[in-house]
Structures are given as C-alpha cells and as structure tokens.
Asker: 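Please see the structure below; I have some questions.
Whatever order the structure lists ligands and atoms in, that order sets their numbers, starting from 1. Just so it is clear, the model here is predicted, and its values are computed rather than measured.
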Amino acid sequence: MRYHERTKHQPHRYARSLGYMDWATQPDPFRRFPGAPLVSLARVEPRPEPTYDAVFGGGIASLPMDRAAISQLFFDSLALSAWKVYGPSRWSLRVNPSSGNLHPTEGYLVAGPIAGLTDQPGVFHYAPHEHALEQRWALDPAGWGELRRGWPDDTLFVGLTSIYWREAWKYGERAFRYCQHDVGHAIAAVTIAARLLGWSALLLEGTPDAALAGLLAIDRQEGIEVEHPDCMIALVPHVTTEVVAAARTWQVPPAVLATLAARAPAGTPNRLSADHHPWEVIDTVSDAATKQAPPGAAFWDPAPGGATPHAPRHGPLSARQIVRQRRSAVAMDGATAIERVTFYRMLQAVVPATNGVVFGALPWRPRVHLALFVHRVRDLTPGLYLLVREPRATEWLREAITGPVLWEIAEGCPAGLGLYLLERGDFRDGARMVSCHQEIAGDGCFALAMLAEFAGPVAEYGPWFYKRLFWETGALGQVLYLEAEAAGIRATGIGCFFDDVMHKILGIQDRRLQSLYHFTAGGPLDDPRLRTEPPYAHLE
Ligand SMILES: Cc1cc2nc3c(=O)[nH]c(=O)nc-3n(C[C@H](O)[C@H](O)[C@H](O)COP(=O)(O)O)c2cc1C
C-alpha cells in the first residue's frame, strides 16, 4: 500500500524517476543465454483462417503441438512484428505491447518431446530477436512425467518473468506497476495465440514464486538485472473439469526442483546495461508481493467466464493478421467516430461473461471495471460511463463511487452488458488532463480508466494479489487493442495518469477502489517521419 501511494503521479509531483533518459545505461531489449543450445523456430506467416470472429466465437479445431504449432504460438504472441526507423535510430516492435517499448517480460516454454523440435523434455527461453528457443534445462522423462501428472498427454506450459530494471531505467519507482501491466498483456497474447491453434490457456496459481524461479532456472541470477518469476500458463487442447482441478492444484514437484538444483542450467544471462541506478522501493514491493504459498480456497472463482459468448461480426478478417498488425496509436485525429454497435461489441469482448477465452484463463473473480469517457460514439450521449464487468460488484460499486449519480442504463445497451451513464458532458479536456495531459486521451473516440477493487482483495488474498490486479488490467488492455484493430481504429495503453485526480472525478474516497491503468481508442494519425521495416529481414 505504501508503494502504491508513493508511486501515484500527482499533477504537481510525478512518481520518482531520474527525470531524464540516461542513454549510457540503456538496457539491451533482448535477454540471451550465450552457451545455451539454440533451436530455431519457423516464421509462420498469417493466413486468412481462422477469422477474428472465430477467436471469441469458438469453432477452431485443436492442432497437434508440433514444431509448426510452437513456432506459430510464439510468432503470434511474443515475437517481433516490425522495425521502426527514424533518422539514425532503429528499434523493434513486438506482437505484445510494452510501456515505453522497453519489454521487461521474458517468455519460457516447458514442454515434453515435440515433433520436429526436440526429442527431450526441457525448459526453453524464448529469444524474440532470433525467433528461437534457448534450451536451459533438459528434463528427464520421469521428471517431465511428474510435472504434468494429472494433465492430458499433450499439455505444455508457458512461463513469464520480468526484468524490472528494463522499465526502471526509464520510469524509476513506478516501473514495477508497468512490468505487471506488461505481464497481463503477455498472458492475454499467449492465450489468444493458443486459441488460434485451437488450444485453451489456464493460469496456474497454486505454486509459490520460488518454485517457479527454480523451474525456469532464473533463481541463480544476481544483481539488478535479475528476472523475477511471474506466472505459469498451462496450454491444453480441451478444458475439462479434471483440467480445471489440475490447474488449481499444480505445483512444481519438489523432486524435480531438487534434481534441477543439483545441476547448472545451460548458458549464462547476457549483461543488459553498462551501469545501473538502483530503485530500492521496487525490490521492497517485489518482495512484499511474492507468493509464498498456494492461495486459500476463497481465491478461486466458482463462476468462470464465458457463460454466454457474444457473437462478434467482423466477416472474413484474419485473426492472425489482426494480432500481428496490432500497433499503438501515437496520435489520434480528433475526428473519427465509431458506431454504437461497434462500441458495444468492443465492451462485450472485455466482459468475462462474454469472453471466456481470455478471462476464463484468469482463475480469480474479476475485479476490474471501466470508467469510460465517451467522446465520439454515434447515437451515444458524450459523458462519463461505468462498465460493471462483474455483476456481483454492482451494488458495491454504487457505494464506492460517490461522485456522479445518474446510474442510468446506457442508450441501446445490449441485455446483460452493465454499462451505466454516470454523468453527461464533454470530458475531452478531463480525459486529457487526467492522463498526464496526453492529447491521445481527448482526441480518440473514447478513453477509459480501469478501476480495480483494491484494498479488499489484496487484504483477503495477500499482497501477491497486487500483481494480479495489474495482470487483469493488462489482459483487458490486450483485448481492447485487438478489438480496436478489428474495428478499423487503433488503441493505446496509458500508464501515465494522475491516480488521485481520477479518483476525485468519481468521488472515490478511499483505497477500496483504485484506478490502475488508462486506455484510449480512436482514429490514428501516423507519424510520416517513421519508416517501417519487416520484423525478420535480419534472419533472411
Ligand atoms: C502498460 C503500458 C503503458 C503505456 N503507456 C503509454 C502512455 O502513457 N502513453 C503512450 O503514448 N503510450 C503508452 N503505451 C504504449 C507503448 O508506448 C507502446 O506499446 C510501445 O511503444 C510499443 O509499441 P506498440 O504498442 O505499437 O507495439 C503504453 C503501453 C503499455 C503496454
């Protein structure tokens, strides 16, 4: 709670950072493990099928997990998607977005033998620049058998870790929050990429962080550039009751950890920066938010998402094309408006009840709701709206939000979608101001703040849930990015905002509810000075 308070941006005082870019210590965006065997992956270009509608509407047959499928899984989630060139500068962009394009999230694969890729079970680090896997551990068949006991034969696991230093280099103390947003984006990116192969994702929360670090071979790293364990995601061809039960109880088996602890992983982490600036409060919050033990029974949501999938209608739009072309708008045109039906379709895609594909992967009761500044949606009154993503929270939200009072069901709101008009008005200036004066928040079709049920769940489940709240906002953001892309507009995540100014607009008077992430979507304006190059010309 102290970390959260002290890293709030205020109009008169931004959260502590260097305040300038120290180019001499700029971190290398690519972690590598020189010395580890490298297994190259195929670059599987997007095809017309599956369509974007099929992702959330269902009906994608499960493909076998061979080299082509694993290649596609990473190509559609954590790979490079383009290079940008401006004068002498050149930088890469990825399928998953990242605050400041600093990419603190690292991806891992834990899998059994995979046809065409590896004969041996192993733990692999994903290297996006090479689009290849670095093998850090080979697992013996018995160990792999232990790891996937209770799961279908072809289950595999994707792990995520964060290098806080990458974000802290630029953003200082607030960086821990941004790393967690990025993890949430990556969870959704992996979930959706798996869906494109007909597979489902489940976040595994039963294991303590230290065991995860041991399995992923990051527990021996030292210094400020260390990777911190975040999560493990199971990928399965079909979700059954047994699979859900396995997901809730899965732990890294102690025997496997003991075997690995006695061996050295292949490769040594590369050095990312010549020098560093320490941000002690990040270590403090990271320690405080470490998961020490499995969650209590109350943590698991008995009502998983996706009860009534909405019926998206985008026609023959290629899902993989949308996923790989996703881009943040750097400026909005201040003119484009979207249809009301489009707006509602985007909102249905971020509600757990109508999007089990993404939000069903998160096992806790959804805790994040949206306060929306509607600027330009045809046939919808401009104003401040609230989207209740989880109906169980409606009455509670009415109490926690004491400012605007209308609470009228929004015009034309589809049945079951909890969108309420709180206050009519032109909020373009307000949205801009609250988002650190960024024009994109006022110039889009709408902007929003993600409001998390905060102090209650963190106290109930434990401080490690602080990270999960950010993951939920990141996953939500990833869906919004794709929805905007599919609707022919563009979105941008906004990590820079004045927390308590947003709370004041809503009359939020305590830490029961906190704004954790802002977003905007609208007609994008391209920067003509930038040239775009293909993602993997360097491998040709
Ligand atoms: C958590 C998060 C916070 C972000 N905050 C901002 C922001 O405050 N302002 C902004 O213009 N862009 C913001 N972005 C967009 C990033 O700058 C963008 O994702 C990054 O440059 C990579 O570009 P891409 O999204 O086109 O791949 C944010 C993105 C994320 C994921």
Asker: Decide whether an N or O pair under 3.5 Å exists between Ser328 and ligand 1.
Answerer: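 There is such a contact, yes.
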
Asker: Give the residue, atom name and distance (to 0.1 Å) of the protein heavy atom nearest atom 5 (N) of ligand 1.
Answerer: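 In this structure, atom 5 (N) of ligand 1 has Gly495 N, 2.9 Å as its nearest protein heavy atom.
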
Asker: Mark yes or no for whether Arg195, through its side chain, and Ala201, through its backbone, hold a donor-acceptor pair below 3.5 Å.
Answerer: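 No, Arg195 side chain to Ala201 backbone: no donor-acceptor pair under 3.5 Å.
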
Asker: Tell me the contacting part of Arg327 for ligand 1: side chain, backbone, both, or neither, using a 4.0 Å heavy-atom threshold, strictly below.
Answerer: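 Under 4.0 Å from ligand 1, Arg327 contributes backbone and side-chain atoms.
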
Asker: Measure up the His314 and Tyr52 rings against each other and bin them: parallel (under 30°), tilted (30 to 60°), perpendicular (over 60°).
Answerer: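 It falls in the perpendicular class, over 60°.
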
Asker: Ignoring angles and geometry beyond distance, decide whether Arg326 reaches within less than 3.5 Å of ligand 1 through its nitrogen or oxygen atoms.
Answerer: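 Min N/O separation from ligand 1 is below 3.5 Å for Arg326.
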
Asker: Is ligand 1 under 4.0 Å from a heavy atom in the side chain of Thr492, in the backbone, in both, or in neither?
Answerer: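 Near ligand 1, Thr492 shows its side chain, while the N, CA, C and O stay back.
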
Asker: Go through it in stages, so that I can follow the logic: the residues are Glu339 and Arg345, the test is salt bridge (Lys or Arg N to Asp or Glu O under 4.0 Å), and I'd like the CA-CA distance, side-chain angles, deciding distance and then a yes or no.
Answerer: CA-CA 10 Å; Glu339 300 298 330; Arg345 218 158 46 204; over 6 Å; no

Asker: Under 4.0 Å from any heavy atom of His181, which atoms of ligand 1 are there?
Answerer: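 So the answer, numbered in order with elements, is 1 (C).
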
Asker: Could you label the plane-to-plane angle of the Tyr461 and Phe299 rings as parallel, tilted or perpendicular, counting under 30° as parallel and over 60° as perpendicular?
Answerer: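 Taking Phe299 first and then Tyr461, their aromatic rings stand perpendicular (interplane angle over 60°).
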
Asker: Taking 4.0 Å as the limit for heavy-atom contacts, which would you say applies to Ser435 with ligand 1: side chain only, backbone only, both, or neither?
Answerer: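 Near ligand 1, Ser435 shows nothing, with every heavy atom at 4.0 Å or more.
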
Asker: Report the nearest protein non-hydrogen atom to atom 10 (C) of ligand 1: residue, atom name, distance rounded to 0.1 Å.
Answerer: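 Among all protein heavy atoms, the one nearest atom 10 (C) of ligand 1 is Gln438 OE1, 3.5 Å.
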
Asker: Report the residue from Gln325, Arg326, Arg327 that forms a side-chain hydrogen bond (donor to acceptor under 3.5 Å, both in side chains) with Glu485.
Answerer: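 Running side-chain hydrogen bond (donor to acceptor under 3.5 Å, both in side chains) over Gln325, Arg326, Arg327 with Glu485 returns exactly one hit, Gln325.
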
Asker: Considering non-hydrogen atoms of the protein only, which is the closest contact for atom 17 (O) of ligand 1, and what is the distance?
Answerer: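 Its nearest protein heavy-atom neighbour is Gly100 N, 3.8 Å.
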
Asker: If the cut-off is 4.0 Å to any non-hydrogen atom of His185, which atoms of ligand 1 fall inside it?
Answerer: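 Heavy-atom distances to His185 below 4.0 Å select 31 (C).
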
Asker: Heavy atoms, side chains only, cut-off 4.5 Å: are Leu482 and Val55 in contact?
Answerer: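 The answer is no, as the side chains (C-beta and beyond) never meet within the 4.5 Å cut-off.
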
Asker: Does Arg367 pair with Glu472 as a salt bridge, N-O distance under 4.0 Å?
Answerer: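 No.
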
Asker: Do the ring planes of Tyr466 and Tyr3 sit parallel (below 30°), tilted (30 to 60°) or perpendicular (above 60°)?
Answerer: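 Perpendicular: the ring planes of Tyr466 and Tyr3 meet at over 60°.
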
Asker: To check your reading of the model: name the closest protein heavy atom to atom 21 (O) of ligand 1, its residue, and the distance in Å.
Answerer: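 Checking every protein heavy atom, the shortest distance to atom 21 (O) of ligand 1 gives Asn101 CB, 3.5 Å.
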
Asker: Got a salt bridge between Glu45 and Arg324, using NZ or NE/NH1/NH2 to carboxylate O under 4.0 Å?
Answerer: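 No.
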
Asker: Run His185 and Asp182 through side-chain hydrogen bond (donor to acceptor under 3.5 Å, both in side chains) and show every step you take.
Answerer: CA-CA 5 Å; His185 278 284; Asp182 282 13; 5.5 Å; no

Asker: Please classify the Leu93 to ligand 1 contact at 4.0 Å (heavy-atom distances, strictly less than): side chain, backbone, both or neither.
Answerer: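 The side chain, only.
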
Asker: Please assess Trp165 against Ser273 for the test side-chain hydrogen bond (donor to acceptor under 3.5 Å, both in side chains), listing each intermediate value before the final yes or no.
Answerer: CA-CA 9 Å; Trp165 163 244; Ser273 290; 2.8 Å; yes

Asker: With the threshold set at under 4.0 angstrom, would you say His518 reaches ligand 1 through any of its heavy atoms?
Answerer: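 It does not; every heavy atom stays at 4.0 Å or beyond.
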
Asker: From atom 16 (C) of ligand 1, work out which of Ser98, Cys179, Gly493, Ser99 has a heavy atom at the shortest distance.
Answerer: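 Going through Ser98, Cys179, Gly493, Ser99 one by one, Ser98 has the nearest heavy atom to atom 16 (C) of ligand 1.
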
Asker: Output the list of atoms in ligand 1 that are nearer than 4.0 Å to some heavy atom of Ile494, sorted by atom number.
Answerer: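 In order of number, 5 (N), 6 (C), 7 (C), 8 (O).
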
Asker: Assess whether side-chain contact (heavy atoms from CB on, under 4.5 Å) is satisfied between Phe454 and Leu516, documenting all intermediate values.
Answerer: CA-CA 9 Å; Phe454 190 74; Leu516 297 189; 4.2 Å; yes

Asker: Looking only at heavy atoms of Tyr517, does any of them come nearer than 4.0 Å to an atom of ligand 1?
Answerer: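 Tyr517 counts as a contact of ligand 1 under the 4.0 Å cut-off.
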
Asker: Going by the atom numbers of ligand 1, which of them fall below 4.0 Å from some non-hydrogen atom of Arg94?
Answerer: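 It comes down to these atoms of ligand 1: 27 (O).
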
Asker: State the atoms of ligand 1, each with its element, that fall below the 4.0 Å cut-off from a heavy-atom position in Cys496.
Answerer: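 Listed by number with element: 8 (O).
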
Asker: Check ligand 1 against Asp182 and write out every atom of the ligand that is under 4.0 Å from a heavy-atom position of the residue.
Answerer: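 That gives atoms 1 (C), 31 (C) of ligand 1.
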
Asker: Check this for me - ligand 1, Ile440, N or O atoms closer than 3.5 angstrom, yes or no?
Answerer: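 By distance alone, the answer is no.
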
